[in-house]
Amino acid sequence: MASGEEVHVDVDGRTLRISNLHKVLYPRTGTTKGEVLNYYARVAPVLLPHLADRPVTRIRWPHGVGGASFFEKNVPAGTPTWVRTATVPTTGSRSGSGTSDTITFPIIDDLATLTWLVNLAALELHVHQWTVGRNGRPRNADRLVIDLDPGEPAGLHECCRVALLVRDKLEQRGLAARPVTSGSKGLHLYAGLPRRLPPEESTALAREVAEELQGEHARLVTATMTKAKRSGKVFLDWSQNAGSKTTVSPYSLRGRERPLVATPVTWAEVEAGAEDPLGLEQFSFEEVLGRVQERGDLFAES
């Protein structure tokens, strides 16, 4: 197939026009658009439940990860009529103040929508910690997230050590955390909330945990966003719980040099990473597919 040739495929009863299957999106590994589409199709059974009812912000790399990328929140021109969308107010907007104060997001609740967006080179899928109802209206947050972001020379090993501390703090508050490698440098910790909270309340809770740990482990942990103060420490980013913020979804690819994935892991794996600097590493998409086949969805609610 020539690089620009198109094919028409049937996905769950929808006919999609797919182009440039042989285009290399990850030059270092030679990973093609066709391989990326295949990954998302195969991981969809465990990915889609975690995208359900969550507006999706995409990061697109039209020319591969060696080229420019851009964030996209609104649905693009030419969006098929069958794609589910949700029009929500932007942060601080006034009710009824016009379309400029709203964003119309896609909702990825089926394989056809997922495939259509990935065909647009949307490698990364980022979601909020809140969902929308069937009427499209935003609901309060149903989960908490804390992003553990290491400042060099700290790395995933230090993130694993801090993750165990965060787990204990959340357990003290009756919350059970689930770890996900970020597919970049760090870890994400999610905890389902027993009741939905306004984003400002879930943000305050995450900040409380971060600041407690900063006070108790000042040499290892920082809750301060200033990058100059992160060197050798793990930044506990509590701000991703804000209503306007998003976090890359579990099972999403990352637009890094290699096709790494935000990967759910077990606490035993995190403990191994805390003990040994090589005990836990970021996972490639091939490894993730093998893990899902062998272990199922480690991010599923227990």
Is the closest side-chain heavy-atom distance between [X] and [Y] below 4.5 Å?
| X | Y | result |
| --- | --- | --- |
| Y40 | L47 | yes |
| T113 | R84 | no |
| D297 | H50 | yes |
| P55 | V132 | yes |
| V43 | F285 | no |
| W130 | R139 | no |
| D147 | T247 | no |
| K245 | S239 | yes |

Quick one: pull up [atom1] in [X] and [atom2] in [Y] and give me the separation to the nearest 0.5 Å.
| X | Y | atom1 | atom2 | result |
| --- | --- | --- | --- | --- |
| K233 | T222 | NZ | OG1 | 5.5 Å |
| I103 | T90 | CD1 | OG1 | 6.0 Å |
| E5 | N20 | CD | CG | 10.0 Å |
| T115 | D110 | OG1 | CG | 8.5 Å |
| L220 | C159 | CG | SG | 9.0 Å |
| F105 | E72 | CZ | CD | 11.0 Å |

Is there a continuous path of hydrophobic side-chain contacts, each under 4.5 Å between heavy atoms, that joins [X] to [Y]?
| X | Y | result |
| --- | --- | --- |
| V209 | L193 | yes |
| L260 | Y251 | no |
| L289 | L51 | yes |
| V234 | V248 | no |
| V166 | V221 | yes |

Does any N or O in the side chain of [X] come within less than 3.5 Å of the main-chain N or O of [Y], such that one atom is a donor and the other an acceptor?
| X | Y | answer |
| --- | --- | --- |
| H22 | T32 | no |
| H157 | G273 | yes |
| R254 | S182 | yes |
| Q282 | G186 | yes |
| N241 | V145 | yes |
| D101 | P89 | no |
| N119 | S19 | yes |
| T263 | V261 | yes |
| W267 | A177 | yes |
| R58 | V56 | yes |

(request) Report the C-alpha separation of E212 and R173 in whole Å, then their side-chain angles, then the decisive distance to 0.1 Å, and conclude whether the salt bridge (Lys or Arg N to Asp or Glu O under 4.0 Å) test is met. (result) CA-CA 13 Å; E212 276 189 22; R173 291 163 170 82; 2.6 Å; yes
(message) Is there a side-chain contact (heavy atoms from CB on, under 4.5 Å) between L253 and V118? Walk through the geometry before answering.
(response) CA-CA 10 Å; L253 278 164; V118 174; over 6 Å; no
Nearest atoms (heavy-atom pairs only) where [X] meets [Y]:
| X | Y | answer |
| --- | --- | --- |
| A206 | I146 | CB-CG1, 4.1 Å |
| A44 | L114 | CB-CD2, 3.9 Å |
| L120 | P76 | CD1-CG, 4.0 Å |
| P106 | V83 | CB-CG1, 4.3 Å |
| F283 | E269 | CZ-OE2, 4.3 Å |
| L144 | S202 | CD1-O, 3.1 Å |

(message) Let's go through K23 and H63 carefully: what are the C-alpha distance in whole Å and the side-chain angles of both, what is the deciding distance for side-chain contact (heavy atoms from CB on, under 4.5 Å) to 0.1 Å, and is it a yes or a no?
(response) CA-CA 8 Å; K23 186 173 188 175; H63 305 293; 3.9 Å; yes
(message) Between R256 and V65, does the side-chain contact (heavy atoms from CB on, under 4.5 Å) criterion hold? Intermediate values first, please.
(response) CA-CA 7 Å; R256 312 292 292 182; V65 298; over 6 Å; no
(request) Take Y190 and F299 through the ring-ring contact (aromatic ring centres under 6.0 Å, His included) test and state the conclusion after the steps. (result) CA-CA 9 Å; Y190 293 86; F299 195 69; 5.0 Å; yes
(message) Can you tell me which residue among T181, V265, L187 is in a side chain to side chain contact (heavy atoms under 4.5 Å, CB included) with C160?
(response) L187
(message) For Q172, I'd like to know if atom CD has over 12 heavy atoms of other residues, nucleotides or ligands within 6.0 Å.
(response) yes
(message) Do R14 and W116 form a cation-pi contact, if we require the NZ or CZ to be under 6.0 Å from the six-membered ring centre and within 45 degrees of the ring's axis?
(response) no
(request) State whether D142 and R54 are salt-bridged, where the test is any N-O pair (Lys NZ or Arg NE/NH1/NH2 against Asp/Glu carboxylate O) under 4.0 Å. (result) yes
(request) Indicate whether the side chain of T131 and that of R196 have a donor and an acceptor atom separated by less than 3.5 Å. (result) yes
(message) Using salt bridge (Lys or Arg N to Asp or Glu O under 4.0 Å), reason through E211 and R207 one step at a time and then give a plain yes or no.
(response) CA-CA 6 Å; E211 292 182 344; R207 184 171 187 171; 2.9 Å; yes
(message) Between E287 and R258, is the salt bridge (Lys or Arg N to Asp or Glu O under 4.0 Å) condition met? List the steps.
(response) CA-CA 13 Å; E287 291 172 319; R258 295 166 50 223; 5.7 Å; no
(message) Under 4.5 Å side-chain heavy-atom separation, chaining through any Ile, Leu, Val, Met, Phe, Trp or Tyr, what else clusters with W238? Say none if it is isolated.
(response) M225, F235
(request) List the steps and the verdict of side-chain contact (heavy atoms from CB on, under 4.5 Å) for V288 and Y39. (result) CA-CA 9 Å; V288 169; Y39 165 74; 3.8 Å; yes
